[in-house]
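One structure is given below, encoded as structure tokens.
Counting from 1, the numbers follow the sequence of the chain as shown.
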Amino acid sequence: MNEVLPSLGGVALFLLAGLGLTEFFPGLRRLTLPSRLGYAYLLGLAVVAGSLYALSHLAKVPLRPPVIYLTFAAPVVAGLIRRALTPWPPLPVPGEGGKRARTGVGGEGSGGGPSKVVIRVIAGLLAFVCLGLFADAVTNPVTGWDGRMTWSTQARYVREEGTVDAEALRNGRWYINHPRYPLLLPVAQVAVLEAFGAEEDRHIFRPLYAALFPAFLLVLGDGARRWAGRVPAALAGLAAAGLPVLTFWQDSGAASAYSDFPLGCFYGAGLVLLLRSRRRVSDAVAAGLLLGAAVLTKNEGFLLAGSALLAALFLLRREGRLRQAARLGAAAALVALALAFFVSWRSEIPERHDEKYSSFVDAGDFWPETFTRIPWLAPVIAREMFIWHRWSLFWAVAPVVFWAGRDGWHGRRRALFWTLLLAFAAPLAVGWGAYTVHWNPLPLIPVTWTRFLVQGSIPLFLLLALALRGALRRMPGRSVPKVLLGLSHRAG
């Protein structure tokens with residue numbers, strides 16, 4: 001019990017702060033409660049940890065309990081005031097969107113009969129996996145290599161000195177791996193440890209990472225239900241829960257203290273918000289906050305944030321809605337602000353004990369190397385995707401599902417398919433770029449390729465949901481899967 005209550009308390013603080021923030025975004029206020037909770041947790045983590053990060057660096061505010069309590073409380077109080085002053089919106093219609101919601105074409109539908117039973121069974125299985133992650137988080141310390149060596153170690157330096165500008169980071173005489181990595185998640189760890197007065201060696205921050213998996217599932221479900229339907233969305237979530245790389249694997253999943261899965265959540269949730277309702281400026285602002293958090297989570301975060309903005313612009317162009325692109329400026333401005341802050345923070349930190357990828361780049365060799373390295377790097381990458389204890393049979397089965405469900409992205413979903421495919425490819429392109437410029441990439445691939453796939457996991461499973469939709473529709477006659485899909489689209 002000594003670990004459970006403060007561990008869950010840390011998650012609750014970020015979730016309550018996020019719920020307060022959602023009061024300011026009408027698009028999020030109209031969501032069903034489960035979907036809203038997923039975005040709320042990510043927003044709370046992004047805004048609270050990001051605010052503490054900025055206050056510490058720009059205003060030299062010490063990261064101590066009084067400031068941390070105020071930072072958590074501010075969005076909660078603001079949200080309560082906003083709710084009191086603003087009429088509560090109408091109850092959300094499943095699928096949101098007039099006739100489309102009533103017919104269930106691409107929306108949730110309320111479902112019934114066998115469909116409802118199947119979805120409830122899958123929801124129970126997903127809840128069981130999430131509870132397992134929490135149980136592991138409150139009983140075991142961090143065991144992943146980078147979680148201990150990099151992220152939790154940076155958090156110790158920051159907590160000891162009460163500032164993100166710790167002398168240990170700024171003094172080049174200190175031996176520190178990756179001292180210029182962004183500190184959003186270590187700051188979140190510090191916030192929880194300080195808020196509950198935890199001793200140095202307690203691991204009550206681990207549920208912060210475990211809670212990202214249910215948030216991941218809820219955001220994935222929100223997007224997949226809108227574009228593929230309830231049954232495909234549930235099956236896509238079940239497929240994600242069956243992958244160790246996203247759950248219990250200590251080198252990238254929600255059970256670790258790595259920043260790759262948080263980056264994937266921020267990137268994917270920001271992308272979904274940009275795509276799901278392209279007429280609301282408020283959704284673009286919320287997306288900008290999440291993508292700004294991606295910038296402050298890992299070095300490649302700004303590349304992924306930019307990719308999300310480009311993907312949204314690509315979809316608008318394909319749909320002939322370029323006039324709506326101006327609202328993306330709100331998201332782009334927040335991303336640029338986060339990047340400027342990150343550059344300001346790291347400018348005082350000497351580069352040492354890092355890969356220094358930029359120093360490897362030779363403009364004359366970069367593009368030829370991009371292609372000439374394919375024959376000897378591709379087999380190593382393929383081998384990484386078929387390691388059983390990471391991926392199980394996913395990469396053997398997924399191509400079959402994509403081929404069988406290719407009808408799922410025909411017609412008006414074709415542009416969405418290409419947008420999601422580009423978004424999934426973005427982190428992989430970042431990884432390939434790193435392998436292209438690195439002097440010896442072969443040992444690097446086994447350590448990093450899986451992480452890049454994790455970063456693109458939300459677009460990947462949205463694509464899978466579309467494929468499952470198409471595969472179920474191709475089932476003959478009155479087959480059980482096809483009946484379930486039809487029920488999932490039927491109005492309640």
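Across all their heavy atoms, Pro232 and Leu468 have their closest contact at O-CD1, 3.8 Å. Counting all heavy atoms, side chain and backbone alike, Leu274 lies closest to Ala331 at CD2-CB, 4.1 Å. The two residues Leu15 and Ala40 come nearest to each other via the heavy atoms CD1-CB, 4.2 Å. In terms of heavy atoms, Leu184 sits closest to Ala293 at CD2-O, 3.7 Å. Here the shortest heavy-atom pairing between Val285 and Ala330 reads CG2-CB, 4.0 Å. For Ala305 against Val295, the heavy-atom pair with the smallest separation is CB-CG2, 4.1 Å.
The OG1 atom of Thr71 sits 4.0 Å away from atom CG of Leu52, with the distance rounded to the nearest 0.5 Å. The structure places CZ of Phe452 at 10.0 Å from CD1 of Ile381, a figure rounded to the nearest 0.5 Å. Taking CG of Leu462 as the start and CH2 of Trp409 as the end, the distance is 12.5 Å to the nearest 0.5 Å. Taking OH of Tyr157 as the reference point, atom CD of Glu167 lies at 12.5 Å (rounded to 0.5 Å). Going from atom CG of Leu16 over to atom CG of Leu21 covers 11.0 Å, rounded to the nearest 0.5 Å. The line from CG of Leu296 to CG of Leu185 is 10.5 Å long, rounded to the nearest 0.5 Å.
One N or O on the side chain of Tyr258 and one on the backbone of Asp146 form a donor-acceptor pair closer than 3.5 Å. Counting only distance, with no hydrogens or angles, the side chain of Arg413 and the backbone of Trp227 share a donor-acceptor pair below 3.5 Å. Side-chain atoms of Arg451 come within 3.5 Å of backbone N or O of Val447 as a donor-acceptor pair. Counting only distance, with no hydrogens or angles, the side chain of Tyr41 and the backbone of Leu208 share a donor-acceptor pair below 3.5 Å. Judged by distance alone, the side chain of Ser307 and the main-chain N or O of Ala423 form no donor-acceptor pair under 3.5 Å. Although no hydrogens or angles enter the test, the distance criterion places a donor-acceptor pair under 3.5 Å between the side chain of Arg180 and the main chain of Ile349. Counting only distance, with no hydrogens or angles, the side chain of Ser344 and the backbone of Ala340 share no donor-acceptor pair below 3.5 Å. Remark: side-chain polar atoms of Ser252 are paired, donor with acceptor, to backbone N or O of Val245 under 3.5 angstrom. Of the possible donor and acceptor atoms, none in the side chain of Glu23 sits under 3.5 Å from a partner among the backbone N and O of Pro75.
Between Pro446 and Glu384 the shortest side-chain heavy-atom distance falls below 4.5 Å. The shortest side-chain heavy-atom distance between Val192 and Leu13 does not fall under the 4.5 Å cut-off. Looking at Leu453 and Met385, their side chains come closer than 4.5 Å, going by heavy atoms from C-beta outward. The shortest distance between side-chain heavy atoms of Val47 and Ser51 falls below 4.5 Å. Using a 4.5 Å heavy-atom threshold, the side chains of Phe25 and Leu289 count as touching. Counting heavy atoms from C-beta on, the side chains of Tyr39 and Val272 come closer than 4.5 Å. At a threshold of 4.5 Å between non-hydrogen side-chain atoms, the residues Leu212 and Leu42 count as touching. Contact check for Leu63 versus Val67: no side-chain heavy atoms found under the 4.5 Å cut-off.
Counting only residues at least two apart or in different chains, ring-ring contact (aromatic ring centres under 6.0 Å, His included) contacts with residues 284-310 are absent. Residues in residues 248-270 take part in these salt bridge (charged side-chain N to carboxylate O under 4.0 Å, His left out) pairs, two or more places apart or across chains: Asp260-Lys298. Note on residues 62-85: pairs passing ring-ring contact (aromatic ring centres under 6.0 Å, His included), not counting sequence neighbours, are Phe14-Phe72.
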- request: Could you please spell out the steps behind the side chain to side chain contact (heavy atoms under 4.5 Å, CB included) verdict for Leu420 and Leu271?
  value: CA-CA 9 Å; Leu420 293 173; Leu271 177 71; 4.3 Å; yes
task: Carefully, step by step, assess Glu348 and Asp165 under the rule side chain to side chain contact (heavy atoms under 4.5 Å, CB included).
output: CA-CA 8 Å; Glu348 299 296 326; Asp165 299 320; over 6 Å; no
query: Hey, mind stepping through Phe394 and Phe461 against ring-ring contact (aromatic ring centres under 6.0 Å, His included) and telling me if it holds?
result: CA-CA 11 Å; Phe394 180 79; Phe461 283 95; 5.5 Å; yes
- prompt: Yes or no on side chain to side chain contact (heavy atoms under 4.5 Å, CB included) for Leu304 and Leu263, after CA distance, side-chain angles and deciding distance?
  reply: CA-CA 9 Å; Leu304 299 192; Leu263 174 57; 3.9 Å; yes
- prompt: What's the verdict on side chain to side chain contact (heavy atoms under 4.5 Å, CB included) for Leu217 and Phe213, showing C-alpha distance, side-chain angles and the deciding distance?
  reply: CA-CA 6 Å; Leu217 292 175; Phe213 190 68; 3.5 Å; yes
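Taking the six-membered ring for Trp and the full ring otherwise, Tyr53 and Trp345 have centroids separated by under 6.0 Å.
Between the side chains of Tyr435 and Thr448, a donor-acceptor pair is found at a separation under 3.5 Å. Arg225 and Ser35 share a side-chain donor-acceptor pair at under 3.5 Å. A donor-acceptor pair shorter than 3.5 Å cannot be found between the side chains of Glu300 and Tyr267.
Within a 6.0 Å sphere centred on CH2 of Trp418, other residues, nucleotides and ligands contribute 12 heavy atoms or fewer.
Partners of Thr22 under the side chain to side chain donor-acceptor pair (under 3.5 Å) rule, at least two apart in sequence or in another chain, are Arg36. Remark: Thr450 engages Arg390 in a side chain to side chain donor-acceptor pair (under 3.5 Å) (not counting sequence neighbours). By the side chain to side chain donor-acceptor pair (under 3.5 Å) test, Thr163 pairs with Ser56, sequence neighbours left out.
Considering Phe216, Trp151, Phe266 as possible partners of Phe261, the one that fulfils the ring pair (Phe, Tyr, Trp, His ring centres under 6.0 Å) test is Phe216. Just one residue in the list Arg29, Arg276, Arg30 forms a salt bridge (Lys or Arg N to Asp or Glu O under 4.0 Å) with Asp283, and that residue is Arg276.
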